[in-house]
Protein chains: 2
Amino acid sequence: MDVDTRVLRYYVAVAEHLSFTRAAQELFVSQPSLSRQIQRLENEVGAALFVRTGRRVRLTAAGESLLPAARRIVDDWRQAVREVRTAEAARRKLLRIGFVATGAGPLGRRARTAFTSAHPGITVEPKRFDWGGEADALRQGLADAAFVWLPADLSGLHARVVATEARWVALAATHPLAAARDTVSIMDLRDEPLMWTRKAPQEWVDWWAVNPRPDGSAPRWGPENDNVEEMLEHVAAGNAVCLGTESMAGYYTHPELTWRRVTDIEPLRIAVAWPHGRTGPLVRAFVDTVTGLAADHGEPRVSPA
Amino acid sequence: MDVDTRVLRYYVAVAEHLSFTRAAQELFVSQPSLSRQIQRLENEVGAALFVRTGRRVRLTAAGESLLPAARRIVDDWRQAVREVRTAEAARRKLLRIGFVATGAGPLGRRARTAFTSAHPGITVEPKRFDWGGEADALRQGLADAAFVWLPADLSGLHARVVATEARWVALAATHPLAAARDTVSIMDLRDEPLMWTRKAPQEWVDWWAVNPRPDGSAPRWGPENDNVEEMLEHVAAGNAVCLGTESMAGYYTHPELTWRRVTDIEPLRIAVAWPHGRTGPLVRAFVDTVTGLAADHGEPRVSPA
DNA sequence: GACCTTCCATGCCTGAAACGTATGGACGCG
DNA sequence: CGCGTCCATACGTTTCAGGCATGGAAGGTC
């Protein structure tokens, strides 16, 4: 009689991929676990939802008819939670700004101070998320606005690009390249194990890793991590190198770490983003503050993608 | 990010009763467990849903705003599951008839055989439920039609009273009343421990127990049970007596059990019931079969309550 | 036709969470 | 000022989702 929305998400994912294996990868669960959850659900509703015939999976009539309800419930709950979280923040006079690592760098701090002096009653609450988490945080109502690092999934969001930052590479202080060069080329990093994360989609990881490289080769992959601190720990320990932003080179100085500018890869584009739908006046005011500051400093002002 | 519809039902129940204790009773969970679940939910959505101020519970603004979504999701899922179950039964050419204990007695069996000969391709599947479970089974799509023992919660259902049955009492074969009387009065049972169940609502239990008694007294309560078999085991063991129907006196004969007619209490009314909304032609045909047979034998034909 | 790959299901173990019982603590009432 | 009511917390138990290892069936290849 009862279901968890998690199970409904599983069901929708399998229905969309028509594959347990691929759905399990997308959902970050093991394939056996997913199989069992679907079996449980089928048992609960008293009908098979999928026909598994060897290497092909397809929906049964029951599976087709239940699917819209599953999507509806998942979306309904998502939206309801988002609204409650947003309303609660508004009630507490909070403006929650999501970001990753250094966010928009100096622009973020300038925006925060400018906004605070213009709206003295409001507390601006910076909220740090794991790699690729800022955009989801907006969709889940965990932040009111965010500095999103592109590329990112912007569905359900408005976004304006407000800054770009050159990319740098972090090396262990003892790394040969640190001594040899003031700036490096992406091809200098050909054989270096590069950090990656499973928190962000593949597209995001590939963009950061410059995959494929200009010569068509693939990067060598190093350890996985969820956020800046973990990443830099690995780098300082000499297990890998990582790409980051110019701001990160300034913010995360560390005796065992050396930053070098990478000259021949495209810079990071940073957008200020906020969710679709009714947004409070504070969000609009913050976005305007950011875009105003960005324009003053010659940053591009771009329409949403 | 995820919720179980169970938790949403808990939330709705607390919101309706504005009391954790009473909601817990209605939900058949302990009050501490309910408190924990609500806390979890509040933590999940990031806002208090209730204000607990000593002996009074009331909704917060967040609680008010989340409530419609919670109701919507619970109902949505209920309905979706009901439709899938019903469609699956139709696909398998099944007509599932819910009942409790002996259902409508001889009328039920006559209806079944008549229906089966008129619809040879259809399998009629009798489905036995625990006390008070027939009506819920209809709402949950676990049966297509049912013989419902009144009083019952008929919300969401159509119902027609098709039979009445005199009530009898079951006694251990060794019970003094069994030897002394051919029929008994409800007041003869004043001091006998009477069976009861927590599967059915209080109103149902009270009606069966004739509570209050004609003289205003309350029954003496004996052990709890979920269905006929459990009930009669207790009675045969001499732990209690129980009220039942005339059919039960005929169906559940047992060397250690004696049945006696109770002369001075109102008979059981039995309705054939089916869910609101689109129903297949089979359901309608079955209902017509039953009402036709009931009319042939002089049973009342009554509109829904 | 035998082999191999692919993909879902099953068995087994582990960790988290939901439940119940017992108990604490705050408020209202007599 | 005790007493009852009602929600929260503590603790032990059971249930269940998750991962890993493995089985078994379907389809493709040589």
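In what follows, chains are A, B, ... by sequence order, proteins preceding strands, each numbered from 1.
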Check your understanding: Would you call Glu229(A)-Arg128(A) a salt bridge at under 4.0 Å N-O?
Key -> yes
Check your understanding: Toward the 5' end of DNA chain C, which comes first, Pro32(B) or Gln37(B), by nearest nucleotide?
Key -> Gln37(B)
Check your understanding: Got a salt bridge between Glu88(B) and Arg96(B), using NZ or NE/NH1/NH2 to carboxylate O under 4.0 Å?
Key -> no
Review point. Taking atom C1' of dA17(D) as reference, at what distance in whole Å does atom CZ of Phe28(A) sit?
Key: 18 Å
Check your understanding: Of Arg56(A) and Gln39(A), whose nearest nucleotide on DNA chain C comes first from the 5' end?
Key -> Arg56(A)
Study note, to complete from the structure: Whole-Å distance, Gln25(B) CD to dC7(D) P, equals 10 Å
Review point. Hey, does the side chain of Arg52(B) come within less than 4.0 Å of dA8(D)'s phosphate (OP1/OP2), counting only N and O?
Key: yes
Exercise for review: Could you state the atom-to-atom distance from CZ of Arg58(B) to P of dC6(D) in whole Å?
Suggested key: 18 Å
Practice item. Starting at atom CG of Asp4(B), determine the distance to atom P of dA17(D), rounded to an integer number of angstrom. Key: 9 Å
Practice item. Look at the side chain of Arg36(B) against the base of dG20(C) and say whether a donor-acceptor pair falls under 3.5 Å; ignore hydrogens and angles. Key: no
Study note, to complete from the structure: Taking dC8(C), dG18(D), dC7(D) as options, the one with an atom nearest any side-chain atom of Val57(A) is dC8(C)
Exercise for review: With heavy atoms under 4.0 Å as the rule, sort Phe50(B) into base, sugar-phosphate or nothing.
Suggested key: nothing
Review point. Within the distance-only criterion (no hydrogens, no angle test), does the side chain of Glu134(B) pair as donor or acceptor with the backbone N or O of Gly98(B) below 3.5 angstrom?
Key: no
**Study point:** Pairwise side-chain contact, Gln37(A) with Val29(A), heavy-atom cut-off 4.5 Å (strictly under)
**Key:** no
Practice item. Quickly work out the Gln31(A) CD to dA21(D) P distance and round it to whole Å. Key: 14 Å
Revision key, fill the gap. Side-chain atoms of Arg40(A) come closest, of dA8(D), dT10(C), dA17(D), to dA17(D)
Practice item. Go through dC7(D), dT21(C), dC8(C) for me and flag the one nearest to the Ser19(B) side chain. Key: dC7(D)
Review point. With no hydrogens and no angle check, do the side chains of Thr5(B) and Asp2(A) hold a donor and an acceptor under 3.5 Å apart?
Key: yes
**Study point:** Gap between atoms NE2 and P, on His17(B) and dC7(D) respectively (whole Å)
**Key:** 12 Å
Practice item. Return the nearest nucleotide to the side chain of Ser33(B); candidates are dG18(D), dA8(D), dC19(C). Key: dC19(C)
Check your understanding: To the nearest Å, how far apart are Asp2(B) CG and dA17(D) C1'?
Key -> 13 Å
Review point. How many angstroms lie between atom CZ of Arg71(A) and atom CG of Leu8(A), to the nearest 0.5 angstrom?
Key: 11.5 Å
Practice item. Would you classify Thr21(A) as touching base, sugar-phosphate or nothing, given that sugar-phosphate means primed atoms plus P, OP1 and OP2, and contacts are heavy atoms under 4.0 Å? Key: sugar-phosphate
Point to revise | Nearest-angstrom distance from the residue atom CG of Asn43(A) to P of dA17(D) | key: 12 Å
Review point. The side chain of Tyr10(B) lies closest to which of these nucleotides: dG18(D), dA9(C), dC19(C)?
Key: dC19(C)
Practice item. Look at the side-chain N and O atoms of Ser35(A) and state whether any lies under 4.0 Å from the OP1 or OP2 oxygen of dA9(C). Key: yes
**Study point:** Arg6(A) side chain, from C-beta outward: closest of dG18(D), dC7(D), dG20(C)
**Key:** dG18(D)
Practice item. Identify, between Thr53(A) and Leu34(A), the residue whose nearest nucleotide on DNA chain D lies closer to the 5' end. Key: Leu34(A)
